[in-house]
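By convention here, the first residue in the shown sequence is residue 1. Predicted model only: the values in this text are computed from it and were never measured. Side chains are part of it too, since the values below use all heavy atoms of this structure and drop only hydrogens, waters and symmetry mates.
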Amino acid sequence: KSGIDLAINLPVLLFDDLVNGFNDIYSVVEPRASLPTLNIHLAPQALAKLRRKRDEAMESRFKILIVDDTDEVPGLLFVNNEPAPIKIRLRLKGDWIDHLKGDKWSFRIKIQGGRSVLGMSRFSLQANHTRGGHGEALLLRHLQEEGLLAPRYMFVHLSVDNQYIG
């Protein structure tokens with residue numbers, strides 16, 4: 001019986017959160033000023049390599065990104081305007097080109113030197129639209145509040161070479 005109740009009530013709870021509980025959205029999406037700020041710095045050759053890989057995916061017959069370990073490039077990550085950079089390796093992320101449209105590219109980040117950022121040594125950065133807007137964040141927060149396993153999900157301000165992305 002509880003399985004049936006869960007299947008029936010879960011969408012209702014989420015819909016109620018969206019319609020009646022806009023404060024719940026703000027508990028998932030923190031106020032803009034309190035979001036962490038990440039600034040990725042890339043050498044021109046690294047950015048050119050990423051751009052070539054992106055162009056290759058955009059021009060491919062099936063419009064997909066095919067990646068391997070050789071696609072990683074070195075970079076530096078500055079967190080919340082801290083003066084000391086963190087060494088990273090990154091590559092483009094995502095199978096479909098929705099992760100590569102415009103200037104909001106998705107990245108897979110690996111932190112180097114045994115360090116971590118926001119409690120993670122590996123993470124992905126991607127535009128909200130690639131995951132269906134705020135819906136996934138709301139669902140994952142709800143699952144966590146119910147004590148179920150769910151991936152961590154957080155919003156950040158992102159700049160690449162001091163150019164604000166979002």
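- Here the CG atom belonging to Asn162 is positioned 11.5 Å from the CD1 atom belonging to Ile40, to the nearest 0.5 angstrom.
- Members clustered with Phe78: Leu76, by chain and number, using a 4.5 Å side-chain heavy-atom cutoff among hydrophobic residues.
- Of all the heavy atoms in Leu35 and Val156, the pair that sits closest is CB-CA, 4.4 Å.
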Intermediate values then yes/no, side chain to side chain contact (heavy atoms under 4.5 Å, CB included), Leu90 and Leu125: CA-CA 10 Å; Leu90 74 152; Leu125 296 170; over 6 Å; no

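- Asn80 CG to His157 NE2: the interatomic distance, rounded to the nearest 0.5 Å, is 9.5 Å.
- Listed here is the closest heavy atom pair of Ser116 and Ser121: CB-N, 4.4 Å.
- Leu42 approaches Asp161 most closely through the heavy-atom pair N-OD1, 2.8 Å.
- For the side-chain contact (heavy atoms from CB on, under 4.5 Å) test with Val67, the passing option among Arg108, Lys93, Arg91 is Arg91; the others fail.
- Between Leu38 and Ile109 the shortest side-chain heavy-atom distance does not fall below 4.5 Å.
- When all heavy atoms of Pro36 and Met154 are compared, the closest pair comes out as CG-SD, 4.3 Å.
- Within the model, atoms CZ of Arg51 and CG of Leu92 stand 10.5 Å from one another, a figure rounded to the nearest 0.5 Å.
- Test Arg52, Gln45, Lys53 against Lys49 for side-chain contact (heavy atoms from CB on, under 4.5 Å) and you get one pass: Arg52.
- Remark: Lys110 pairs with Glu72 by the salt bridge (Lys or Arg N to Asp or Glu O under 4.0 Å) rule, at least two apart or across chains.
- Taking CD1 from Ile111 and CZ from Arg89, the interatomic distance works out to 12.5 Å, rounded to the nearest 0.5 Å.
- Proximity of Leu118 to Phe123: side-chain heavy atoms (C-beta onward) are nowhere separated by under 4.5 Å.
- Rounding to the nearest 0.5 angstrom, the gap separating the CG atom in Asp71 from the CD atom in Glu56 is 8.0 Å.
- Residues satisfying the side-chain hydrogen bond (donor to acceptor under 3.5 Å, both in side chains) test with Asp68, not counting sequence neighbours, are Thr70.
- Side-chain contact between Phe107 and Val160 is present, with heavy atoms from C-beta onward closer than 4.5 Å.
- Taking 4.5 Å as the limit, every side-chain heavy atom of Arg152 sits out of range of all side-chain heavy atoms of Leu140.
- Residues Ala46 and Pro74 come closest through the heavy atom pair CB-O, 3.9 Å.
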